[in-house]
Number of protein chains: 2
Amino acid sequence: MSLELTPVQTVACCSPLSREPLSETEAEGIAPLLKALGDPVRLRLMSLVASHEGGEACVCDLNDAFELSQPTISHHLKILHEAGLLERSKRGVWVYYRAQTDALKDLGALIGGQGR
Amino acid sequence: MSLELTPVQTVACCSPLSREPLSETEAEGIAPLLKALGDPVRLRLMSLVASHEGGEACVCDLNDAFELSQPTISHHLKILHEAGLLERSKRGVWVYYRAQTDALKDLGALIGGQGR
DNA sequence: CGTAAATATTTACATCTGTCGATATTTAAG
DNA sequence: CTTAAATATCGACAGATGTAAATATTTACG
C-alpha cells in the first residue's frame, strides 16, 4: 500500500467550490482529476465506459470508437486510470475498464454544489 | 452577437456522462470547461470568486492570494473568462469577476449525474 | 514451443501551456 | 496634462501534452 493518495481519493475532501475557498493543497489534489477529464478524447472514453452496461467496457471496443491509434487510446486510458477515475481489470487477453462512479459523483458535487 | 458558442453555453446540452456516451461534438464543447478548471491556480481562483460574497471578487484581492506575478493571474482569469465560467465587469480602475454559478451547476450535474 | 491477438511501453516530435519581465492601456486624481 | 495605480497584452522560454510508429509484453491456442 502507498502513502500517496490518488487524486480521486482526495475529491471527497471538501465542501463545494462555491461554499468556501479551496486551499492550495486541496486544489492541487483535485485539479488533476479535472485535467484528466479536460480532453475531448478522454471525456468521451470516460462517458463510453461509464454509460456502458455494468459501468465497464473492454479496450477492444473503445479502440474502435475513435480514429486514433491503439497506443494513443492506451495512453489516455492510463491517464484516467492513474487519476483514479477508471479501474482496470484483465480477463484473459482482454482488459476491462470500470468507471469509478463514486469519484464522479463527488467531483460533480464539488463543482456544482450549492454555495452560501 | 456571435455564432460561436462559448464552452459554457454548451454544457447544458446533454444528459450526464454516465447516462449515454457523449458525442464527439459534445465532448469537444465541454472538455475546454474542464480543462479550464484543471489547473490548481485556476481552480482556486474559481473557488475564491464563487465563494466570495455576492459571487464576485476584485482582481486586486485575487492577486494577493497567490505568490504569482500579476500577469500570470491575469492570464488565468482570462482563460476562465473565455470558457464562460467568469463574467467580467469594470468599475473605475478595478475589475470584478463574477462566477457563473449556473454553468458550474450544469457542469456538476453532467459529471456527477446519475447513470442508468 | 511457435504463432497470433490484445494491450502496454518506448521513443520521437510538433504543439500547447504556465510563468515572468517588460510594456501598453485605462482610469482617477492633482 | 502629468502622474500614479490597476489591469491587460506581448514576447520569450522551459517544460508538459497528444499523437503515432516501432517494439515489448501477456495470454490463448495448436
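Reminder, nothing fancy here: chain letters follow the sequence lines and each chain counts from 1.
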**Request:** Assign B:His76 to base, sugar-phosphate, or nothing according to its heavy-atom contacts below 4.0 angstrom with the strands shown.
**Result:**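 Answer is sugar-phosphate: B:His76 comes under 4.0 Å of backbone atoms only.
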**Prompt:** Hey, are A:Glu20 and A:Ser15 close enough side-chain-wise for a donor-acceptor pair under 3.5 Å?
**Reply:**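 The criterion, which ignores hydrogens and geometry beyond distance, is satisfied for A:Glu20 and A:Ser15.
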Rounding to an integer number of Å, can you tell me how far [X] [atom1] sits from [N] [atom2]?
X	N	atom1	atom2	result
B:Asp39	D:dG15	CG	P	18 Å
B:Tyr96	D:dA8	OH	P	13 Å
A:Leu45	D:dG18	CG	C1'	13 Å
B:Ile73	D:dA6	CD1	C1'	14 Å
B:Glu82	D:dT9	CD	C1'	12 Å
A:His75	D:dG18	NE2	P	5 Å
B:Leu77	D:dT7	CG	P	10 Å

**Message:** Can you tell me how far apart OH (B:Tyr97) and CD (B:Glu87) are? Round to the nearest 0.5 Å.
**Reply:**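 It comes to 11.5 Å.
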**Prompt:** Do A:Arg88's NZ or CZ and the ring of A:Tyr96 fall within the cation-pi criteria of under 6.0 Å and 45°?
**Reply:**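 The answer is no; the distance or angle limit is not met.
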**Cation-pi geometry met for A:Arg44 and A:Phe66 (6.0 Å, 45°)** =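 Verdict for A:Phe66: a cation-pi partner in A:Arg44.
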**Request:** Please name the pair of heavy atoms, one in B:Thr72 and one in B:Leu68, separated by the smallest distance, quoted to 0.1 Å.
**Result:**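 The answer is CG2-CD1, 4.2 Å.
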**Prompt:** What heavy-atom pair brings B:Leu85 and B:Ala36 nearest, and what distance separates the two atoms?
**Reply:**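 Looking at all heavy atoms of both residues, the closest pair is CD1-CB, 4.3 Å.
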**Prompt:** Can you find a pair of side-chain heavy atoms, one from B:Leu80 and one from B:His76, that are under 4.5 Å apart?
**Reply:**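 Side chain of B:Leu80 against side chain of B:His76, heavy atoms only: no contact under 4.5 Å found.
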**Request:** Side-chain contact test, heavy atoms from C-beta onward, threshold under 4.5 Å: evaluate it for A:Arg98 versus A:Val49 and give yes or no.
**Result:**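 Heavy-atom side-chain distance check fails, nothing below 4.5 Å.
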**Message:** Taking only side-chain N and O atoms of B:Lys78, does any of them lie within less than 4.0 angstrom of OP1 or OP2 on D:dT9?
**Reply:**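 For B:Lys78, the contact criterion (side-chain N or O under 4.0 Å from OP1 or OP2 of D:dT9) is met.
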**Item:** Below 4.0 Å: OP1/OP2 of D:dT17 and any side-chain N or O of A:Lys35
**Value:**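 Looking at the OP1 and OP2 atoms of D:dT17, one of them is under 4.0 Å from a side-chain N or O of A:Lys35.
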Nucleotide nearest [X] when distance is taken to its side chain, options [options]:
X	options	answer
B:Thr72	C:dT19, D:dT9, D:dG18	C:dT19
B:Ile79	C:dT17, C:dG18, C:dT19	C:dG18
A:Tyr97	D:dT9, C:dT9, C:dA8	C:dA8

**Item:** Donor-acceptor pair (no angle test) under 3.5 Å: B:Gln70 side chain, D:dA8 base
**Value:**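 When only heavy-atom distances are counted, B:Gln70 does reach the base of D:dA8 through a donor-acceptor pair under 3.5 Å.
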**Prompt:** Counting only non-hydrogen atoms, which of residues 88-95 of chain B are less than 4.0 Å from DNA chain D?
**Reply:**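 Those residues whose heavy atoms fall under 4.0 Å from DNA chain D, taken from residues 88-95 of chain B in numerical order, are B:Arg88, B:Val93, B:Trp94, B:Val95.
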**Item:** Sorted by number, the residues of residues 47-68 of chain B with heavy-atom contact under 4.0 Å to DNA chain D
**Value:**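 DNA chain D contact set from residues 47-68 of chain B: B:Cys58, B:Val59, B:Cys60.
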**Request:** Could you tell me whether A:Arg42 and A:Glu82 have a side-chain N and a carboxylate O separated by less than 4.0 Å?
**Result:**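 Salt bridge flag = no for A:Glu82 with A:Arg42.
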